Structure formats: structure tokens, C-alpha cells
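A quick write-up on the structure given underneath.
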Amino acid sequence: MGIRIYNTLTQRKEPFEPVNPGRVGMYVCGPTVYKPSHIGHAVGPIIFDTVKRWLTHQGYAVTWVVNITDVDDKLIVEAKAQGCPVDELAERVTKNYLVALDQLGVRGIDHMPKASEHIAEIIDMCQRLIAKNAAYVSHGDVYFDVSSCRDYLKLSHRKVDDQQAGTRQLAGGEKRNPGDFALWKAAKPDEPPEVQFDSPWGKGRPGWHIECSAMSSKYLGQPFDIHGGGEDLIFPHHDNEIAQSEVCFDRPFAKYWMHNGLTRFNTKKVSKSDPEMAKLMQQLVLSHLLTKYPAELLRFVVLSTHYRRPIEFSDEEIAAKKKGLDSFYRLFERIERVTGSDPYAGGATLDNLFAPVTVRVETFQKLIAEHAARFAEAMDDDFNTGGAIGVLFEIVPAINRFLDEQQLEAGGNVELKPVAAAAVQSLRSMTGLLGLFEKRPPAETSMADTMVDSLMDVLIRVRAEARKAKQYTLSDMVRDQLGSLGIVLEDRPGGTIWRRS
RNA sequence: GGCGGCGUACCCAAGUGGACCAAGGGGACGGAUUGCAAAUCCGUUAUUCAUGGGUUCGAAUCCCAUCGCCGCCUCCA
């Protein structure tokens, strides 16, 4: 049926047809790097990373751009407070952000352009707009004249007149219309030299909005296919991007506008500038969360809900999601132990399933294939990762059931082991499209040394002897005491295994 | 005030006109399995989708109204 995407511009789901057949250009608004990034900044990249994975899987060659806004009022203020240069602050925050994204499995970003490195392109756009009479210079500032754009605010579906009067008169009387926004801001005397760039209008720096227009058109051309970001950016940021870009180049800007729901905490939007949220913010800083929870769990939490819905981010919710995730890890552990195949090995494809079919396993294989189809259906439907994960949760018991029924763990039907292994490979090929279970999870503690393993072997062997002699008081004591140390024993058909709880 | 969205079981959540009189996860309860556990499997947990009207042969899904919550209109992923 093909991919369908909800387009904010048209307010409905549309069949996805790229501007250029077979190729997709995708631009997502990245952070302004002035303070440590929080969980909300990771949501977009995780979602669009998954979008790219799915588009790629469906045969498109995707180019994905995420910008870094490293010149901005807030950076200047923050750098001053910290007593360091603006570029140093930006670099530090950016670096931490990239480390976090990497841990979260965001790998698909092709370009991460910085505003400070695209001043020439920005100035060029300003000049074009001035030449077209769509922008004007005022005291060293350059403003976009919103009246030059007939369908201004078409993305947010507002009317210029409906905007509350007077709220945007901060810049004083230098604007022709209160709604006009800055393309270029003249430098103020006390601003550090690293944010003072030469321009035809004197020293200054870019306004907000313009860098996204300049950089997206540079890396993706115009029009390009998908423009994404948090839904709080629809107005004014994305409306303004559209206005300046379309007036500048006389052609459509972006075809599909995708907006992700905002992360919430205690039902409130997660926001650095909200004073009430400020106290809680350190709990929601990415680097902190990543010490508290496995990155894979955070990614899983984000993808468990459809991207347009807000996510309530709480310890309770994460703990519940973790239990679900664990059932996957246990299945993988089990399949590895029983079949000897590595579930985390790459190169898995659904085709593995259609290896030698016997009547006995045909139903099972068909079942997996049907689930794979449902998974694809969900992903095609506006990247419904929540629904897709629901399908994965049905596959796990199906494989466990097969293992149980065919008594594979107890050593029966050895010839069916490859079938079970292939089913897990199939499952893994689906989770891989969500960026999940791509590699073996790191050991839960740093003490994963061989000594612990050896000691556990000794304890398990001693306990086995006790059980053989039916000395259950003793064997249960070993198990209980290990339990209080956070170690769980499982007596399996093939012997006892242990894991940390 | 304007614009946008949301309200599905105890909690999270998919489904947005019939093929589903509602997936899936967590929790709870019962069963199988086990020496007992753990893990795994099976089953139960919404005659109903905020409320009230309407459209339709048919609605959780469309329309209107009401209530509640959230986002944007200032910086924000």
C-alpha cells in the first residue's frame, strides 16, 4: 500500500511520493546548544532516525540533515555567565549531545551543519530577499516583511490578524509590521567578537529561522521532501522558514511537514525556560538519564508511542517499559543457549525463514511471516512504531511457544533448532529497523569479570549436588541468599543458569 | 481571545466509518510446568472507546454541543 505520512501542512495523512523518485531529503531542526540537552532533544532524532531506517528499508536513498544552532542570544548570555567564549560553549554542548545521540542509536544523520559556518549562505539569502523587496534594512538589522508572503502562516493555519496584538514589539519601532522577523541582527557593542560577523550591513549575526532555510537548501535543495521538528516549532519557526525560503527561491520549500509530540513530565512540557521545570531539569538532562537507564531502554520508551503523541516521561513509566524489554532479552538469551546461534549477529533477513520447510513447522513460519507483514503495515502507516512494537510483542511468545512445544530446550527435535534461530533472526531484522537490539547489551555491572563467573559455577555445582541428594533446604538456602544479593537462579532443562535481577 | 491537539480497561497504549462489538505492554488473578522457585506457556481482567445529541444500513472512528487536560500565539525539540 505504500508509506503514508501525516502532513501538518495539509492536516491529513498523504501517500508519500518523494520529489525525486527513489531519493529522499529530510531536514530536522536540531538544538540551540547553550545548555545541556534534555530528553526532549533526543526524541526527534530517535524518531527521525527510525523514519530514515524505514524509508531506507523501503528502498529510498535518504539524506538526513540536522542543524546545530550555535549563534544565538541565549548562547551569548550563557557564555557570559560562564565566562567562556561562545564557540567554546557551543562546542562543549554539541559534543555532549552527539555522544548521547550515539548511545541512543541515532546513526543516520548525514550532515550536521552549524549556523556559524554558513554565514555566507545566510547573507546571500538576505541579499536576495532585500533585492526582491521582501526584506529591508533597519539600523543594521535586516527584517523579513511578512506582507511579501501571500500565504504566510499556512503551516500553523493562523491569520496574521489573529495573533495577539502587541506581543512582539520587543524590537521597538524599527519594524514595518509587528509580525516582521529578523533575518540579521546588528551586533551590540558588548557582544563578544566570535559572534560578530561581517556583513553588508555591518557587524552582526543571523536571526533565528534563517539558518535553517539557508542550510536546508544548501544540503538538500529546494523543494526537499520531509521537514521535521517538535510541534512547538510550527509557529513561528517553521512558518518563517517557509515564508523566507519560498519568497527567496520562488518555489515550494518542503513537501511533508512532520511534527513530533513534546515530552512531558508531570503532565507539563519539558522546557529549559520554564522556571517550574528548571528544578526538575537536571533529572531530565540526557547525560544524567543515560547514567540512570540503558540507552536502549530510553529509545524503546520513545518508540513505544506514536511520534505525534506526547510522551509522559516518568520513572514509573520507564520501569514498566523495562519489564517488557526484558522479555526480548530473555528470548535472545534462551535462543542463543538452545540453538547456539548469536541473535545479535548482523545480516539477518526475513528470507532466512524460508529455508527448508517441513509440514511440522510450516504453521509456525507462516505465523512469523504474517506478523512481519503486520509490522510493515504499521510502519507504512505514518511510522506507527507503537503499533509495530505491539506486533513484536506477539512474536516473542510465539517463538517461546515453539521452543516449548518442540521441546528444543530439553534436547528434542534438534533438527528444528535452525527454524527457531531463523525466527529470531526474523524478529531481529524487524527490531533492527527500530534501532533496537542491534548489539548485545553491555554487561550490567563493570564487575563482569571471570572471577564472578567462576564463583557462580562453583555455587551452582554444589547446589546441584544438594538437589540430587534431595537436600532442598540447603539448595533453597543457596538460591535465597543469592537472591538477596540480586542474583536469580533458573533451573532449566539443560542445567541451572543465573542472571542479575 | 485566536490556532492546534488530546480524552480508549487499574496504569501505559494501537486502532480514526464495516473484514477488530477494540492489538499489545505493565499490574492483578487463575491454570500448566517445577521438589519448591525463577523463566516460559495458556487463560481471565473494556457488551465498551470523556459526556449528551446527530449523520449513516453501520461509528471508538464523521458532525454539533458540553466538560476536562495539554501545546502554540515570547525562547523552545
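Chain A is the first sequence line, chain B the second, and so forth, proteins listed ahead of strands; every chain is numbered from 1. Since this is a predicted model, take the numbers as computed values, not measurements.
- Between Arg158(A) atom CZ and G71(B) atom P the separation is 14 Å, expressed in whole Å.
- Between the NZ atom of Lys272(A) and the P atom of A77(B) there is a distance of 6 Å, rounded to whole Å.
- A ring-centre distance under 6.0 Å is found for Phe224(A) and Phe253(A).
- No salt bridge links Lys185(A) with Asp72(A); every basic N to acidic carboxylate O contact stays at or beyond 4.0 Å.
- For the P atoms, the distance from C3(B) to C63(B) is 16 Å, rounded to whole Å.
- Remark: side-chain polar atoms of Thr339(A) are not paired, donor with acceptor, to backbone N or O of Lys417(A) under 3.5 angstrom.
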Which string of ( ) [ ] | and . matches RNA chain B, if you list each base 5' to 3' and count Watson-Crick or G-U pairs only when both distances are under 3.5 Å? ((((((((.[[[..)..(.....]]]((((((.......))))))....[[[[[..)....]]]]])))))))....

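- The residue His306(A) sits close only to the backbone: its heavy atoms come under 4.0 Å of sugar-phosphate atoms, none of a base.
- Not less than 6.0 angstrom separates the ring centroid of Phe265(A) from the ring centroid of Phe313(A).
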For nucleotides 37-41 of chain B, which of its nitrogen or oxygen atoms have a protein nitrogen or oxygen under 3.5 Å away, and what is each distance?
unit_1 : atom_1 : unit_2    : atom_2 : d
A37(B) : N6     : Asp491(A) : O      : 3.1
A37(B) : N1     : Asp491(A) : N      : 2.9
A37(B) : N1     : Asp491(A) : OD2    : 3.4
A37(B) : N3     : Arg479(A) : NH1    : 2.9
A38(B) : O2'    : Arg499(A) : NH2    : 3.4
A39(B) : O4'    : Glu490(A) : OE2    : 3.4
A39(B) : O2'    : Arg492(A) : NH2    : 2.6
U40(B) : OP1    : Arg330(A) : NH1    : 3.4
U40(B) : O3'    : Asn400(A) : ND2    : 3.2
U40(B) : O2'    : Asp404(A) : OD2    : 2.7
C41(B) : OP1    : Asn400(A) : ND2    : 3.4
C41(B) : O4'    : Asp404(A) : OD2    : 3.2
C41(B) : O3'    : Arg401(A) : NE     : 3.3

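- Using P as the reference atom, C49(B) and A9(B) are 10 Å apart when rounded to the nearest Å.
- Contact of the Leu392(A) side chain with the Leu427(A) side chain is registered, since non-hydrogen atoms from C-beta on lie closer than 4.5 Å.
- Below 30°, between 30° and 60°, or above 60°: for His259(A) and Trp257(A) the angle between ring planes is below 30°, a parallel geometry.
- More than 12 non-hydrogen atoms from other residues, nucleotides or ligands lie less than 6.0 angstrom from CD of Gln82(A).
- Qualifying side chain to side chain contact (heavy atoms under 4.5 Å, CB included) partners for Asn384(A), counting only residues two or more places apart in sequence or in other chains: His306(A), Ala378(A).
- Rounded to whole angstrom, the span from the OH atom of Tyr152(A) across to the C1' atom of C3(B) amounts to 14 Å.
- Contact check of residues 34-44 of chain A against RNA chain B (heavy atom, cut-off under 4.0 Å) returns His38(A), Gly40(A), His41(A).
- The nucleotide whose nearest atom lies closest to any side-chain atom of Glu394(A) is, among A77(B), G24(B), G5(B), G24(B).
- G1(B) and A59(B) are spaced 34 Å apart, taking the P atom of each and rounding to whole Å.
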Acceptor/donor pairs from residues 225-239 of chain A side chains to any protein atom, 3.5 angstrom cut, sequence neighbours excluded:
unit_1    : atom_1 : unit_2    : atom_2 : d
Asp225(A) : OD1    : Val19(A)  : N      : 2.6
Asp225(A) : OD2    : Gly25(A)  : N      : 2.8
His237(A) : ND1    : Glu241(A) : OE2    : 3.3
His237(A) : NE2    : Glu241(A) : OE2    : 3.4
His238(A) : ND1    : Glu241(A) : OE2    : 3.2
Asp239(A) : OD1    : Leu155(A) : N      : 3.1
Asp239(A) : OD1    : Ser156(A) : N      : 3.4
Asp239(A) : OD2    : Ser156(A) : OG     : 2.5

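- Applying the side chain to side chain contact (heavy atoms under 4.5 Å, CB included) test to Ile497(A) and every residue at least two apart in sequence or in another chain returns Glu333(A), Arg337(A), Glu490(A), Arg492(A).
- Applying the salt bridge (Lys or Arg N to Asp or Glu O under 4.0 Å) rule to pairs touching residues 381-392 of chain A yields Arg4(A)-Asp381(A), Lys13(A)-Asp381(A), Arg308(A)-Asp382(A), sequence neighbours excluded.
- Among the protein residues, Thr305(A) comes within range of the sugar-phosphate backbone only, with heavy atoms under 4.0 Å from sugar or phosphate atoms but none that close to a base.
- In this structure, the ring of Tyr219(A) has its center less than 6.0 angstrom from the ring center of His118(A).
- Annotation: of the two residues near RNA chain B, Gly324(A) and Thr32(A), the 5′-most nearest-nucleotide partner is Gly324(A).
- A distance of about 10 Å separates the P atoms of G26(B) and C41(B), rounded to the whole Å.
- Between G53(B) and A14(B), the distance separating the two C1' atoms is 28 Å to the nearest Å.
- Residue Thr267(A) is classed as a sugar-phosphate contact, given heavy-atom separations below 4.0 Å to backbone atoms only.
- Each of Phe393(A) and Ile311(A) has a nearest nucleotide on RNA chain B; the 5'-most of these lies closest to Ile311(A).
- In this structure, the side chain to side chain contact (heavy atoms under 4.5 Å, CB included) partners of Pro31(A), at least two apart in sequence or on a different chain, are Val33(A), His41(A), Ile68(A), Tyr97(A).
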Please tabulate, one pair per line, each protein N/O and nucleotide N/O from nucleotides 29-33 of chain B that are separated by under 3.5 Å, including the distance.
none

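- Taking the side chain to side chain contact (heavy atoms under 4.5 Å, CB included) definition, one finds that Asp274(A) meets it with Ser271(A), Glu276(A), Met277(A), sequence neighbours left out.
- Straight-line distance from the CD atom of Glu312(A) to the C1' atom of C69(B): 12 Å, rounded to whole Å.
- Atom CZ in Phe375(A) sits about 15 Å away from atom C1' in A23(B), given to the nearest Å.
- For Lys114(A), there are no salt bridge (Lys or Arg N to Asp or Glu O under 4.0 Å) partners two or more places apart in sequence or in a different chain.
- One can place NE2 of His227(A) at 12 Å from P of A77(B), the figure rounded to the nearest angstrom.
- For the C1' atoms, the distance from G27(B) to C12(B) is 11 Å, rounded to whole Å.
- Straight-line distance between the P atoms of A38(B) and C72(B): roughly 47 Å, to the nearest whole Å.
- Counting to the nearest Å, the P atom of C72(B) and the NE2 atom of His259(A) are 14 Å from each other.
- Atom name P, nucleotides C6(B) and C64(B): the rounded distance is 14 Å, in whole Å.
- We find that the ring of Tyr472(A) and the base of G35(B) stack, their centres lying under 5.5 angstrom apart and their planes tilted less than 30°.
- Here A77(B) presents its P atom at 15 Å from CG of Leu284(A), a figure rounded to the nearest Å.
- Side chain of Asn260(A), nearest nucleotide from U16(B), G35(B), A77(B): A77(B).
- Between Lys269(A) and C72(B) there is a side-chain polar atom (N or O) within less than 4.0 angstrom of OP1 or OP2.
- Screening residues 28-38 of chain A for salt bridge (Lys or Arg N to Asp or Glu O under 4.0 Å), with sequence neighbours left out, gives no hits.
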